[in-house]
Amino acid sequence: MKIIKTNCIVLKKKEMKEADLLVTLFSKDYGKIMATAYGIRKSKKRNTVSLNPLNEIEITLFQKNNYYIIKDIEIIKNFKNILKNIGKLEISLYILDSIDKIYYMTEENGDFFDKLLEILNFIDALPYIKKGYKYYLVLSFLRRIMLENGIYDINEISLILKKDRKENIQKYKEILKISKNSSCITETQEKMENYTGFLKKIVIIFENFVNRNLQTEIKIKKFIMEEFYGN
């Protein structure tokens, strides 16, 4: 086995046997990988909190082919402001779940790893998050996924929007204009609030587009359920 070191975002973890953890990681240098931390749940020296989802960590691994064993972990950032705010946490967990479902094992994508960190740092730094802006961030993430995977076809998307309602195209253009021209985050959030219902609808349209083209099954309703089944 060789020893490797890389930076990762923890996507999810699962308890195994009496003391082990199976962890899914999105790494800068090796793409999505699964690694086992043997005995960590009974160890006094190693903290299972370091492998919580959303943590940015530097990890040292024993590697043999596509099999990884965790040797050492160091927390770089735990995005504590996201953890304190339910709206931020909802969309962040949705982002992690989407990456887990969309990306294959060992599919290296250092540029997207940097983009993911940028997205999480941005969400973490927001002083607050309003409903409309929450869905705008999800929409922006889905658009990034589409661009990264070469499926963002504005002509096809325009046809889908028109098929639902003709005024959708105009509203979508208005949202893009607000994002581009607003002078600060506060102004952007206030203006996006007027488009909350529309943004919810467009998120579902984009999500269905991603699911169909990438043959996956991401579902925003799993993470912001009350927003869709409520008013």
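The figures here come from the full heavy-atom set of this structure, side chains too, leaving out hydrogens, waters and symmetry mates. This chain uses plain numbering: 1 for the first residue, then up along the sequence.
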With side chains defined as the heavy atoms from C-beta onward, is the minimum distance between [X] and [Y] less than 4.5 Å?
{"X": "Y103", "Y": "L214", "value": "no"}
{"X": "L161", "Y": "I202", "value": "yes"}
{"X": "I102", "Y": "V210", "value": "yes"}
{"X": "I123", "Y": "I95", "value": "yes"}
{"X": "K115", "Y": "D111", "value": "no"}
{"X": "S92", "Y": "F79", "value": "no"}
{"X": "N168", "Y": "I160", "value": "no"}
{"X": "T186", "Y": "Y128", "value": "yes"}

Side-chain heavy atoms nearer than 4.5 Å, only ILVMFWY residues, links allowed to pass through others: does that put [X] and [Y] together?
{"X": "V49", "Y": "L83", "answer": "no"}
{"X": "I178", "Y": "I169", "answer": "yes"}
{"X": "L117", "Y": "L147", "answer": "yes"}

Could you pull out all residues at least two apart from [X] that satisfy side chain to side chain donor-acceptor pair (under 3.5 Å)?
{"X": "E56", "answer": "none"}
{"X": "N55", "answer": "none"}
{"X": "N121", "answer": "K77"}
{"X": "T6", "answer": "D29"}

What residues form a salt bridge (Lys or Arg N to Asp or Glu O under 4.0 Å) with [X], not counting sequence neighbours?
{"X": "D114", "value": "K28"}
{"X": "R144", "value": "E148"}
{"X": "E187", "value": "K191"}
{"X": "E15", "value": "R41"}

Is a side-chain N or O of [X] found less than 3.5 angstrom from the main chain of [Y], in a donor-acceptor match?
{"X": "D20", "Y": "G39", "value": "yes"}
{"X": "E193", "Y": "K130", "value": "no"}
{"X": "N85", "Y": "G87", "value": "yes"}
{"X": "K200", "Y": "Y135", "value": "no"}
{"X": "D153", "Y": "N155", "value": "yes"}

Which heavy atom in [X] sits nearest to a heavy atom in [Y], and how many Å separate them?
{"X": "L54", "Y": "L96", "result": "N-CD1, 3.6 Å"}
{"X": "S27", "Y": "F113", "result": "C-CD1, 3.8 Å"}
{"X": "L199", "Y": "M192", "result": "CD1-O, 3.9 Å"}
{"X": "I73", "Y": "S50", "result": "CD1-OG, 3.7 Å"}
{"X": "L25", "Y": "A35", "result": "CD1-CB, 4.3 Å"}
{"X": "A37", "Y": "L51", "result": "CB-CD1, 4.0 Å"}

request  = Taking ring-ring contact (aromatic ring centres under 6.0 Å, His included) as the test, write out the residues that go with Y172, two or more places apart.
outcome  = F206

request  = For N78 and N52, run side-chain contact (heavy atoms from CB on, under 4.5 Å): C-alpha distance rounded to whole Å, both residues' side-chain angles, the deciding distance at 0.1 Å, then the answer.
outcome  = CA-CA 9 Å; N78 65 0; N52 280 349; over 6 Å; no

In Å, rounded to the nearest 0.5 Å, how long is the span from [atom1] of [X] to [atom2] of [Y]?
{"X": "I59", "Y": "I33", "atom1": "CD1", "atom2": "CD1", "answer": "6.5 Å"}
{"X": "K12", "Y": "T24", "atom1": "NZ", "atom2": "OG1", "answer": "5.0 Å"}
{"X": "Y136", "Y": "S179", "atom1": "OH", "atom2": "OG", "answer": "2.5 Å"}
{"X": "C8", "Y": "I57", "atom1": "SG", "atom2": "CD1", "answer": "5.0 Å"}
{"X": "I119", "Y": "I9", "atom1": "CD1", "atom2": "CD1", "answer": "11.0 Å"}
{"X": "E207", "Y": "T216", "atom1": "CD", "atom2": "OG1", "answer": "9.5 Å"}

query = How far apart are the C-alpha atoms of I224 and Y94, what are their side-chain angles, what is the distance that settles it, and do they pass the side-chain contact (heavy atoms from CB on, under 4.5 Å) test?
reply = CA-CA 9 Å; I224 318 180; Y94 172 72; over 6 Å; no

key: K101/D97 salt bridge by N-O under 4.0 Å criterion   =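 Salt bridge between D97 and K101, a charged N being under 4.0 Å from a carboxylate O: yes.
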
query = Going through the checks in order, is the side-chain contact (heavy atoms from CB on, under 4.5 Å) test met by K88 and D124?
reply = CA-CA 7 Å; K88 293 181 180 182; D124 192 63; 5.8 Å; no

key: Test log, rule side-chain contact (heavy atoms from CB on, under 4.5 Å), inputs F62 and I3   = CA-CA 5 Å; F62 293 112; I3 297 177; 3.7 Å; yes

task = Name all pairs fulfilling the salt bridge (charged side-chain N to carboxylate O under 4.0 Å, His left out) condition that reach into residues 209-220, sequence neighbours left out, sorted by first residue then second.
result =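 Counting only pairs at least two positions apart or across chains, the salt bridge (charged side-chain N to carboxylate O under 4.0 Å, His left out) contacts touching residues 209-220 are E156-R212, E217-K219.
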
task = Only pairs at least two apart or in different chains count here, so list each salt bridge (charged side-chain N to carboxylate O under 4.0 Å, His left out) that has a residue in residues 171-183.
result =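 Those involving residues 171-183 do not exist here.
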
key: Parallel, tilted or perpendicular: ring planes of F26 versus F112, cut at 30 and 60 degrees   =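 Rings of F26 and F112: perpendicular, over 60°.
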
message = Could you work out, with side-chain contact (heavy atoms from CB on, under 4.5 Å) as the rule, every residue matching F122, not counting sequence neighbours?
response =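 For F122, the residues satisfying side-chain contact (heavy atoms from CB on, under 4.5 Å) (neighbours in sequence not counted) are L126, Y133, L137, I185.
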
